[in-house]
Amino acid sequence: MSRTVYVNGDYLPEEEAKVSVFDRGFLMADGVYEVTSVLNGKLIDFDGHCKRLARSLTELEMTNPHSNAEWLAIHRELVARNGIDEGMVYLQVTRGNPGDRDFAYPPADTAPTVVLFTQAKPGLADSPAAKTGWRVISVPDIRWHRRDIKTVQLLYPSMAKMAAKKAGVDDAWLVEDGFVTEGTSNNAYIVKGNKIITRALSSDILHGITRAAVLRFAKEAQMEVEERNFTIDEAQKADEAFITSASAFVMPVVEIDGAAVGTGAVGRVATRMREIYLDEMRKAAV
Ligand code: PMP
């Protein structure tokens, strides 16, 4: 069935949705994106996505083409038109089509390209993987050094995901200077006793909005949170490990580079944090 997608103000059948070959998103990965989950037809943590989108655009000297209210209206319209109950809305803003290819940014008044589409994912919240956990391998983190900007240049994370697939596991954790930065498309955590440990925010990692929510809920649940670096060796010896992202929510990690984490079974803390996250975010969904 053909989806309805949004391109620069129009709602179109996906076959008719077109972007210029001169678009800087296509030629230079000059664009940013957000992925918002939909549960029960409602948007999860919408404000968080709007705030981060605004920040990414500012960091790249791009103008935000819409107010948060306008973004919300477009998201809701796409969810309705495509009948999404569980799934996600993908949003991308690029620096647009300046005509000729040039490394220099085009004039600031060049119209950005705005594309949104939906993906249905029935059973998203009830993922069987959450009951068995992910297995991950480690790979070197050779991405650029502005990982705090959510750009569409996702080639290296794709390569790392393929390395994981070829190794027969679920994902890869990226390692730089001996320490885990994050997963290919998620933030990484370990658990020791009552303490959740995750890398501190900097330009080394994406500032996950699920990370912000989960750390807030963890503190409310009287868990200790320590924001610091950890190694693969420390993670393998931890009681539990997990990842967070807007589309995987909280996902336990049970094996790292072939070594079982803790008992090798899905942990109590990861399971509890997933429950709390889903409960609270469903309540706040818009
Ligand atoms: N790190 C990276 C590299 C990511 O691509 C993502 C997914 N967008 C995350 C972390 C998690 O961020 P969020 O919780 O906002 O989805």
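Read the numbers this way: they start at 1 and go in the same order the structure lists the ligands and their atoms. Predicted model only: the values in this text are computed from it and were never measured. Note: hydrogens, waters and symmetry copies are ignored here, and every other heavy atom, side chains too, is used.
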Donor-acceptor contact present, side-chain R24 to main-chain R95, <3.5 Å | no
Please check if the side chain of N8 supplies one atom and the backbone of V114 the other of a donor-acceptor pair under 3.5 Å.
-> yes
Any idea which part of [X] is under 4.0 Å from ligand 1, heavy-atom wise: side chain, backbone, both or neither?
X	value
E34	neither
K150	side chain
H207	neither
I209	both

[X]-ligand 1 polar pair, N/O distance under 3.5 Å:
X	result
E182	yes
R143	no
L206	no

Looking only at side chains, do T94 and D30 share a donor and an acceptor under 3.5 Å apart?
-> no
Taking all non-hydrogen atoms of both residues, which atom of A160 and which atom of A172 are closest, and how far apart?
-> O-CB, 3.7 Å
Students should be able to answer this: which protein heavy-atom is nearest to [atom], and at what distance?
atom	result
atom 16 (O) of ligand 1	A246 N, 2.8 Å
atom 14 (O) of ligand 1	T210 OG1, 2.6 Å
atom 12 (O) of ligand 1	G208 CA, 3.4 Å

Proximal candidate to atom 4 (C) of ligand 1 [heavy atom criterion; set G48, P157, S247, S185] = S185
Counting heavy atoms only, name the option from D141, T184, N187 that's nearest to atom 11 (C) of ligand 1.
-> N187
Is D171 salt-bridged to R135, going by a charged N under 4.0 Å from an acidic O?
-> no
SB check K51 E34 (cutoff 4.0 Å) | no
Think K161 forms a cation-pi with W173, using NZ or CZ under 6.0 Å from the six-ring centre and within 45 degrees of its axis?
-> no
Show your reasoning for whether ring pair (Phe, Tyr, Trp, His ring centres under 6.0 Å) applies to F117 and Y6.
-> CA-CA 6 Å; F117 58 81; Y6 177 95; over 10 Å; no
Check: F249 and V214 side chains under 4.5 Å, non-hydrogen atoms = no
In terms of atom number and element, which parts of ligand 1 are under 4.0 angstrom from non-hydrogen atoms of R52?
-> 12 (O), 13 (P), 15 (O)
